[in-house]
Amino acid sequence: MDETIARTRDNIVKKQALTYEEIEAERPYGAVDRKLYVANLHFNMTESQLRAIFEPFGPVELVQLPLDLETGHCKGFGFVQFAKLEDAKAAQSLNGKVEIAGRTIKVGFSL
DNA sequence: GTTGAGCGTT
């Protein structure tokens with residue numbers, strides 16, 4: 001009986017681990033529901049600049065600016081992930097309203 | 001050292 005319990009426990013552990021990996025596989029870029037896609041950025045925009053723009057809405061968990069490994073510059077778009085969904089929704093209102101380095105940024109939820 | 005719609009390397 002003890003062995004059965006131990007085996008069941010192991011199965012539960014493995015099941016949880018598998019489920020976690022499945023989640024990771026389905027969400028390779030993290031919490032997409034709390035992440036905003038920010039486009040029309042100036043090419044020398046940096047993560048700290050981007051963070052500074054969105055932080056007033058709430059805690060920013062993650063800022064990503066995919067870099068072109070050839071030039072080392074950002075591709076002109078990025079991602080801002082908030083700790084709370086409500087903050088992300090509030091920050092979405094910046095779409096078309098904020099101009100940085102002469103360019104009006106686009107803000108929308110990540111795909 | 002340039003460009004300009006779009007959804008990402010870890």
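A, B, ... follow the sequence lines: proteins, then strands. Residue 1 opens every chain.
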Next item on the list: Quick one, give me the B/S/- string for nucleotides 3-10 of chain B, reading 5' to 3', where B means a protein heavy atom under 4.0 Å from the base and S means that only happens at the primed atoms, P, OP1 or OP2.
Entry: BBBBBBB-
Notebook entry, point to check: After noting the C-alpha distance and the side-chain angles of A/L65 and A/T46, does the key distance pass the side chain to side chain contact (heavy atoms under 4.5 Å, CB included) rule?
Noted result: CA-CA 8 Å; A/L65 276 81; A/T46 183; 5.9 Å; no
Margin query: Using 0.5 Å steps for rounding, measure from the CG atom of A/L50 to the CE atom of A/M45.
Written below: 6.5 Å
Notebook entry, point to check: Between B/dT2 atom P and A/D68 atom CG, what is the distance in whole Å?
Noted result: 13 Å
Next item on the list: Kindly state which residues belonging to residues 85-93 of chain A come within less than 4.0 angstrom of DNA chain B, counting heavy atoms of the residue only, listed by number.
Entry: none
Item checked: Closest heavy-atom pair and its distance - A/Y37, A/F79 -> CD1-CE2, 3.7 Å
Check: Restricting to pairs with a member in residues 80-106 of chain A, which pass side chain to side chain donor-acceptor pair (under 3.5 Å), not counting sequence neighbours?
Finding: A/N40-A/R103, A/E61-A/Q81
Next item on the list: Please test A/K35 against A/Y29 for side chain to side chain contact (heavy atoms under 4.5 Å, CB included), starting from the C-alpha separation and ending with a verdict.
Entry: CA-CA 9 Å; A/K35 190 175 299 184; A/Y29 302 117; 4.0 Å; yes
Check: What are the two closest heavy atoms between A/L41 and A/G78, and how far apart are they?
Finding: CD1-N, 3.8 Å
Note to self: Looking at every non-hydrogen atom in both residues, tell me the closest pair between A/V60 and A/R51 and how far apart they are.
What the structure shows: O-NH1, 3.1 Å
Next item on the list: Identify the two heavy atoms, one from A/F57 and one from A/A90, that lie closest to each other, and give their separation to 0.1 Å.
Entry: CE2-O, 3.5 Å
